[in-house]
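What follows is a short report on a single structure.
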Amino acid sequence: MTAALQLDDLRVRFALGDGLVSAVDGVSLRVEPGEIVGLVGESGCGKSTLAAAVMGLLPPSTSVTGSVRVAGDEVVGLDDRRLRAMRGDRVSMVVQDPSTSLDPIWSVGDQVAETIRAHRRVGRREARAMATRLMTDVGIPAAASRYDDPPHRLSGGMRQRIVIAAALANEPALLIADEPTTALDVTIQAQILGLIRRLRDERGTSVLLITHDLGVVAQVCDRVAVMYAGQLVEVATAQELFDHPRHPYTRALLGALPGATARGERLAVIPGQVPDLAHQPRGCRFAARCALRTDVCEQAPVLEPVGASMAACWHVDQPLPSLGGAR
Amino acid sequence: MTSRTGFVLRRVLLTLPVLWVMSVFVFLIIRLVPGDPVRTMLGFRATAANVAEVRRRLHLDEPLLQQYVRWVGDLLHGDLGQDLVSRAPLSELLVQRLPVTLELTTLSMTLAVLVGVPLGVRAAVGGRWTRRLTDGFVVLGISVPDFWLGIMLVLLFAGTLTVLPPSGYLPFTTDPVQNLRYMTLPVLTLATAETAYLLRTTRGAMESVLQRPYVTYLRAKGLSPRRIVAGHALKNAAPTVVTVIGIQVGVLLGGAIVVEQLFALPGVGRMIVTAINQRNYPTVQAGVLVIAAMFVLVSLVTDLVVGWLDPRVSDGAGA
Amino acid sequence: MSTVERTATRTRRRPRTTTVVGAAVLAVLVLAALAAPLLAPHDPEAVQSTRVLGSPSASYPFGSDVLGRDVLSRVLYALRVSLTVAVSAVGVATLVAVPLGLLAGYAGGWVDSLISRPLDMLLVLPALLLAISLIAILGPGSVVAALAIAVIYLPILARVMRSSTLVVTRNEYVVVARARGAGHLRIMARHVLPNAIGPVAVQASVLTGFALQLEAALSFLGLGTQPPTPSLGGMLADGRDVLTQAPWVEVFPGLAIAVAVIAFTLLGDGLRRSLDPDGVAS
């Protein structure tokens with residue numbers, strides 16, 4: 001079965017001031033059809049860059065090597081016209097703040113219809129009808145009467161639903177959701193996540209859910225990939241990740257939570273900082289902050305199967321000193 | 001949509017105090033003249049008898065408030081008083097001269113919009129050379145005094161190549177072709193600076209809009225650059241541009257005064273200037289009143305258009 | 001999009017070529033105007049019937065006008081007059097606008113309304129119309145023209161000062177200063193004013209260019225500087241009669257205005273980069 005998303009050794013580099021920055025450094029990942037995969041990491045770890053690379057939205061001066069295949073079609077090196085045909089049609093994106101995603105002057109309904117008409121030969125009236133149905137699908141009450149409303153008349157949660165509706169209008173194989181609930185308050189968060197899960201169940205759309213919030217992951221993801229400084233350090237099913245975290249970073253993240261499936265605060269309780277991406281250390285990138293660091297960490301570890309997960313660490317399975325192990 | 005009608009009503013009502021302030025100011029023109037305005041008006045013809053008679057005729061001997069009420073009352077009946085020199089009713093004079101000024105201003109603004117706005121859009125999305133060229137044009141257009149430009153145009157087109165007439169006027173209804181020939185140089189004169197200004201404004205507004213976050217999202221939807229620019233960027237930049245157009249109409253009206261003088265066009269502007277030199281205050285008042293009123297009306301229309309374009313404004317949500 | 005940390009390097013930006021050119025040209029013009037008595041090769045008022053409408057030559061670089069007067073000398077003196085009017089008009093307007101705008105932006109509330117409403121009233125009439133009305137009341141002349149121009153630009157400068165003050169007063173150091181118990185007046189003068197004045201300087205330099213144009217327009221209409229004082233606008237009006245025979249009488253004064261206005265505009269735009277990065281001035 002063709003994966004909804006297949007990344008093979010994706011590297012994204014751009015020139016910045018004095019050097020070449022590797023925002024994404026050799027990421028390989030697979031998202032199966034109908035799967036919700038979470039991509040977790042601190043800000044600056046490269047997850048948003050990865051999303052942009054999949055959408056082909058990076059500036060032309062960026063160097064992208066490796067392979068990105070959406071529903072089997074290669075994205076890297078694709079020309080503009082084909083990229084545009086793909087965006088909004090085979091892969092869509094939903095971002096953090098719906099008020100900055102929507103054109104403030106256009107009506108919400110038209111913005112959904114626009115996505116439809118950009119990729120299919122559909123008349124205006126038909127597009128309107130389709131958009132209204134989509135709006136109802138995503139849970140907007142009395143969609144027909146709200147079609148002509150400008151975005152500022154809708155609440156934050158409603159606006160995010162509109163963005164999701166537009167994203168799913170053309171039945172994409174993959175939906176990338178980059179921090180879709182961070183800007184919303186807690187009760188709305190749960191609703192939106194529930195919506196995403198329901199839409200996956202009904203339509204079979206795969207979702208790459210980017211977040212820094214482990215609580216979100218716990219609610220909705222099937223599998224999880226943990227990213228640090230441009231690399232994946234652990235990949236596992238959600239259950240396995242919470243039950244048996246392998247990589248010290250993952251373990252530290254979970255240890256930094258007040259409770260098991262608690263809603264995530266910022267993960268900055270781990271001492272130290274993400275390394276400057278222009279000057280990456282030679283070996284394991286987490287070594288500087290890792291409680292288990294030894295000399296062998298001078299050599300970069302590779303993502304290898306460990307039990308039911310994959311992790312990149314020389315010291316998997318060793319208990320962390322002051323955190324009392326997993327969970 | 002009731003919020004929209006509310007917005008329209010509010011905006012129209014807001015015009016009333018503006019009109020009132022303007023009327024007071026115009027009313028005060030003749031009454032603020034230092035010394036005795038009547039003597040100044042009559043100049044060497046100022047005998048005691050004449051002065052008394054004119055003062056009575058212009059009701060300047062009455063209490064101020066009563067004068068104002070009477071003046072406004074007359075205004076509402078369409079009576080703008082009489083020209084001091086010719087004793088002709090000013091309302092008639094204005095009816096003759098207003099179309100000239102209107103034609104000049106309207107044609108100039110239309111030309112400026114038709115040329116300046118598209119060029120501004122191109123400059124915003126274009127490459128380095130487009131931007132450099134338009135930059136140069138903008139600086140020149142805004143800095144060169146428009147009446148000097150007009151004279152240079154006369155030198156070129158009427159003096160050297162005798163293609164167009166240097167001055168004069170024929171009403172459109174009499175002879176459309178000749179009318180346009182006479183208006184070509186005046187319109188070109190006014191329109192050049194205006195085009196430069198609108199170009200700059202449009203370009204700035206477009207550049208600002210194109211940097212907003214929702215543009216990235218529009219690209220993520222797979223929209224073509226053309227659709228993003230035309231359908232979204234332009235629509236979002238439009239309120240700014242329309243607002244500036246409204247303000248610039250005022251500037252154009254001022255420029256029209258000079259251009260009318262330059263090309264001997266029988267418009268309201270020229271009437272005002274001549275009247276000032278004659279100390280013909282009633283005429284000055286009438287002319288200023290009419291032009292100012294036009295400006296207020298144009299401002300109202302542009303505000304309404306902006307409200308129609310941008311739903312945040314008509315909802316009172318603030319842009 | 002990407003949250004890569006960058007090393008913050010503050011690069012000192014060279015001023016743009018256009019700004020430098022503008023400033024240089026302006027300096028030349030101002031100096032030339034100030035030094036007019038020294039530079040002018042001939043007496044601007046000297047009527048020379050033998051040299052009527054003479055074309056540009058070595059001794060008369062800009063030619064001579066219908067009365068045989070040297071155009072170059074007249075342009076220099078006229079430039080002096082026009083610059084004086086323009087600069088003093090904008091100067092006076094700025095002197096009045098800054099305290100008003102500062103107070104309005106800092107105090108807010110009813111003080112703001114009290115100051116801003118009347119100033120907005122002045123914007124009801126288009127600029128030239130307002131100037132002409134004032135001249136109608138007070139009579140023509142360069143002083144009246146300067147006053148009229150000052151009145152026109154006062155609300156614009158006050159509004160810029162007010163907006164700039166609003167931006168600055170949101171900053172923390174104002175709150176800190178207030179917490180330390182500094183009096184309002186002191187805060188306004190020592191903290192707010194120096195930081196808020198930037199955009200006003202930009203606006204003032206741009207407006208000076210336009211003031212020059214306005215003055216020329218008014219003189220052209222016979223409403224500004226009155227003859228026999230030479231004025232650029234007046235020269236333009238005179239030159240029309242002999243346009244085809246002696247175009248230099250018309251070309252050079254206009255060129256002088258154009259160059260001066262361009263210089264002011266370039267200077268203003270250049271100042272904008274360092275003094276008004278947020279674009280408060282228009």
Side-chain angles (χ1 to χ4, degrees), chain B residues 17-19 21-22 25-26 28-34 37 40 135 138-140 142-149 151-152 154-155 158-160 166 204 208 216 247 249-258 261-262 269 272-273 275-277 279 281 284-285 287-288 291-292 294-296 299, chain C residues 1 18 22 117-118 120-140 152 206 209-210 212-218 220-223 232-233 236-237 239-240 243-245 247 250-251 253-266 269 279 282:
Chain B
V18 174
L19 283 173
V21 168
M22 190 196 72
F25 175 72
V26 173
L28 286 176
I29 287 182
I30 192 174
R31 284 126 190 121
L32 280 176
V33 174
T40 322
D135 259 343
V138 164
V139 170
L140 281 177
I142 291 181
S143 310
V144 169
D146 44 11
F147 51 100
W148 181 71
L149 177 66
I151 297 172
M152 291 294 115
V154 167
L155 183 61
T160 321
S208 164
T216 319
I247 299 173
V249 167
V251 172
L252 268 188
L253 286 170
I257 297 179
V258 180
Q261 189 75 6
L262 182 57
I272 296 178
V273 174
I276 292 183
N277 283 316
R279 306 282 187 272
Y281 294 122
V284 172
Q285 273 189 282
V288 171
I291 294 189
M294 277 206 305
F295 180 54
V296 172
S299 302
Chain C
M1 198 150 24
T18 45
R117 287 289 147 76
D120 284 344
M121 294 297 177
L122 281 172
L123 292 171
V124 165
L125 287 182
L128 198 61
L129 202 62
L130 183 56
I132 288 182
S133 308
L134 285 169
I135 292 175
I137 297 174
L138 297 169
I152 292 172
V206 171
F210 292 147
L212 202 64
Q213 271 186 341
L214 253 182
E215 192 277 333
L218 289 171
F220 177 80
L221 291 173
L223 300 173
L232 295 170
L236 287 176
R240 289 175 58 207
L243 188 57
T244 37
Q245 307 158 264
E250 192 65 33
V251 169
L255 212 50
I257 302 176
V259 169
V261 177
I262 292 177
F264 275 112
T265 313
L266 288 180
D269 277 347
S282 51

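We name chains A, B, ... by the order of the sequence lines, and we start the count at 1 in each one. Remember, predicted model here, so these are calculated numbers, not experimental data.
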Pairs under 3.5 angstrom only: tabulate donor-acceptor contacts from the side chains of residues 129-140 of chain C to other protein residues two or more places apart or in another chain.
{"residue": "C:S133", "atom": "OG", "partner": "C:L129", "partner atom": "O", "Å": "2.7"}

Does some side-chain heavy atom of B:V251 sit less than 4.5 Å from a side-chain heavy atom of C:L128?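 The answer is no, as the side chains (C-beta and beyond) never meet within the 4.5 Å cut-off.
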Do C:I257 and B:W148 make a side-chain contact, defined as non-hydrogen atoms from C-beta onward lying under 4.5 Å apart? no
At a 4.5 Å cut-off on heavy atoms, which part of [X] comes close to chain C: side chain, backbone, both, or neither?
X	result
B:D135	neither
B:I29	both
B:V144	both
B:V21	side chain
B:R279	side chain
B:V258	both
B:L252	neither

Which residue out of B:G254, B:P145, B:A292 racks up the most heavy-atom pairs below 4.5 Å with chain C? B:P145
Interface residue of largest heavy-atom contact number with chain C, from B:L28, B:L253, B:V26, B:I257, under 4.5 Å: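 Looking at each option in turn, the highest pair count goes to B:I257.
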Identify, with sequence neighbours excluded, every residue that meets ring-ring contact (aromatic ring centres under 6.0 Å, His included) alongside B:F295. none
Which atoms form the tightest heavy-atom contact between [X] and [Y], and what is the distance?
X	Y	value
B:G250	C:P126	O-CB, 3.2 Å
C:V251	B:M152	CG2-CE, 3.6 Å
C:Q213	B:I142	NE2-O, 3.2 Å
C:I262	B:L140	CD1-CD2, 3.6 Å

Given a strict heavy-atom distance threshold of 4.5 Å, which part of C:F210 is in contact with chain B: side chain, backbone, both, or neither?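 Side chain only.
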Count the heavy-atom pairs under 4.5 Å between each of C:A237, C:A127, C:A217 and chain B, then report the option with the highest count.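 Looking at each of C:A237, C:A127, C:A217 in turn, C:A217 comes out on top.
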